[in-house]
Amino acid sequence: MIKRRGMTVLCIGNDPVNLNLRCSLLKEHGWNVLSSGSGHEGVIRFGQEVVDAVVVDLNGSGDESALITGELKRLRPEVPVIILVTAGKNLANGATQQANVVIPKSQEASMLVDALRTLLPAS
């Protein structure tokens, strides 16, 4: 495990099982992890906490993910946002435009840690 002092990832997701698994994975790789069970709660937490990156996984057409990502970027445009999407699902236009990285959920286990390592250099 790599110790990443001060590197905190906020995971926003509305599926508690996947949210817990994702948080555990990121903790195993050395990140401090915060979680929120809804987009609204995630935006509030983002405004209250020091966060280095955000992972958004909200089921649906992508409308909520786009809205949440837009608000996160409005508050702090320098903080990278990763959106997880279901492969083959038609997303609303512009649902992923503001994200720094878009990862298919089917490849999350292999790509999420690498994406965060790229976005958040070790301190």
Side-chain angles (χ1 to χ4, degrees):
M1 174 169 54
I2 300 170
K3 185 66 177 164
R4 299 177 192 285
R5 261 190 334 228
M7 292 295 178
T8 300
V9 178
L10 171 62
C11 293
I12 301 172
N14 54 10
D15 179 333
V17 172
N18 286 331
L19 182 61
N20 286 333
L21 290 171
R22 184 171 306 113
C23 290
S24 294
L25 171 71
L26 296 180
K27 286 177 186 177
E28 287 174 14
H29 285 274
W31 282 287
N32 299 318
V33 180
L34 304 172
S35 65
S36 294
S38 72
H40 176 75
E41 178 188 324
V43 171
I44 291 170
R45 191 139 198 210
F46 183 78
Q48 296 173 338
E49 305 275 355
V50 175
V51 174
D52 298 295
V54 181
V55 178
V56 178
D57 178 15
L58 299 170
N59 297 324
S61 66
D63 288 338
E64 185 178 8
S65 293
L67 180 68
I68 297 307
T69 301
E71 185 61 14
L72 298 173
K73 287 297 194 175
R74 185 189 70 74
L75 292 170
R76 286 192 246 155
E78 73 282 1
V79 175
V81 177
I82 297 172
I83 292 181
L84 303 174
V85 297
T86 302
K89 186 168 187 146
N90 292 329
L91 294 177
N93 285 338
T96 59
Q97 281 182 331
Q98 296 183 68
N100 295 82
V101 176
V102 177
I103 298 175
K105 288 184 190 182
S106 62
Q107 297 176 5
E108 174 185 357
S110 63
M111 294 180 68
L112 182 57
V113 170
D114 289 339
L116 284 167
R117 284 183 179 147
T118 299
L119 293 168
L120 301 175
S123 59

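Scope of the values below: all heavy atoms of this structure, side chains included, with no hydrogens, waters or symmetry mates.
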For the student: nearest non-hydrogen atoms of Gln98 and Lys73, plus distance | O-CE, 3.5 Å
Looking only at heavy atoms, the pair that brings Met7 and Asp52 closest together is CA-OD2, 3.1 Å
Please answer: with hydrophobic residues joined when any side-chain heavy atoms are less than 4.5 Å apart, are Val33 and Val55 in the same cluster?
-> yes
Can you spot which of Leu116, Asp57, Val56 makes a side chain to side chain contact (heavy atoms under 4.5 Å, CB included) with Ile82?
-> Leu116
For Val101 and Ala115, work out which heavy atoms get closest and say how close.
-> CG1-CB, 4.2 Å
Matching residue for Val54 among Thr8, Leu72, Ile68 - test: side chain to side chain contact (heavy atoms under 4.5 Å, CB included) | Leu72
Sequence neighbours excluded and cut-off under 3.5 Å, please list the side-chain donor-acceptor pairs for residues 11-18, or say none.
residue : atom : partner : partner atom : Å
Asn14   : OD1  : Asn59   : N            : 3.3
Asn14   : OD1  : Asn59   : ND2          : 3.4
Asp15   : OD1  : Val17   : N            : 3.1
Asp15   : OD1  : Asn18   : N            : 3.3
Asp15   : OD2  : Asn18   : ND2          : 3.1

Ionic contact status for Lys105 with Glu108, cut-off 4.0 Å = no
Can Trp31 and Leu25 be said to form a side chain to side chain contact (heavy atoms under 4.5 Å, CB included), step by step?
-> CA-CA 9 Å; Trp31 282 287; Leu25 171 71; over 6 Å; no
Any link between Leu19 and Val43 through a network of hydrophobic side chains (Ile, Leu, Val, Met, Phe, Trp, Tyr) touching at under 4.5 Å?
-> no
Set of side-chain hydrogen bond (donor to acceptor under 3.5 Å, both in side chains) partners for Glu41, sequence neighbours left out | none
Could you tell me whether a side-chain N or O of Ser110 sits under 3.5 Å from a main-chain N or O of Gln107, the two making a donor and an acceptor?
-> yes
If you measure from NE2 on His40 to CD on Glu71, what distance do you get to the nearest 0.5 Å?
-> 10.5 Å
Enter the distance from Ser38:OG to Arg45:CZ here, rounded to the nearest 0.5 Å.
-> 11.5 Å
Val9 and Asn32, any side-chain heavy atoms less than 4.5 Å apart = no
Taking all heavy atoms of Ser35 and all of Cys23, pick out the closest pair and write down the distance.
-> CB-SG, 3.7 Å
Would Val51 and Leu34 satisfy side chain to side chain contact (heavy atoms under 4.5 Å, CB included), going step by step from the backbone distance to the final call?
-> CA-CA 9 Å; Val51 174; Leu34 304 172; 4.2 Å; yes
Taking the side chain as every heavy atom from C-beta outward, state whether Glu49 and Leu10 have any pair of such atoms under 4.5 Å apart.
-> no
To the nearest 0.5 Å, how far apart are CZ in Arg74 and OG1 in Thr69?
-> 13.5 Å
Side-chain touch Arg22/Leu112, heavy atoms, less than 4.5 angstrom = yes
Same hydrophobic cluster for Ile83 and Leu75, using side-chain heavy-atom links shorter than 4.5 Å among ILVMFWY?
-> yes
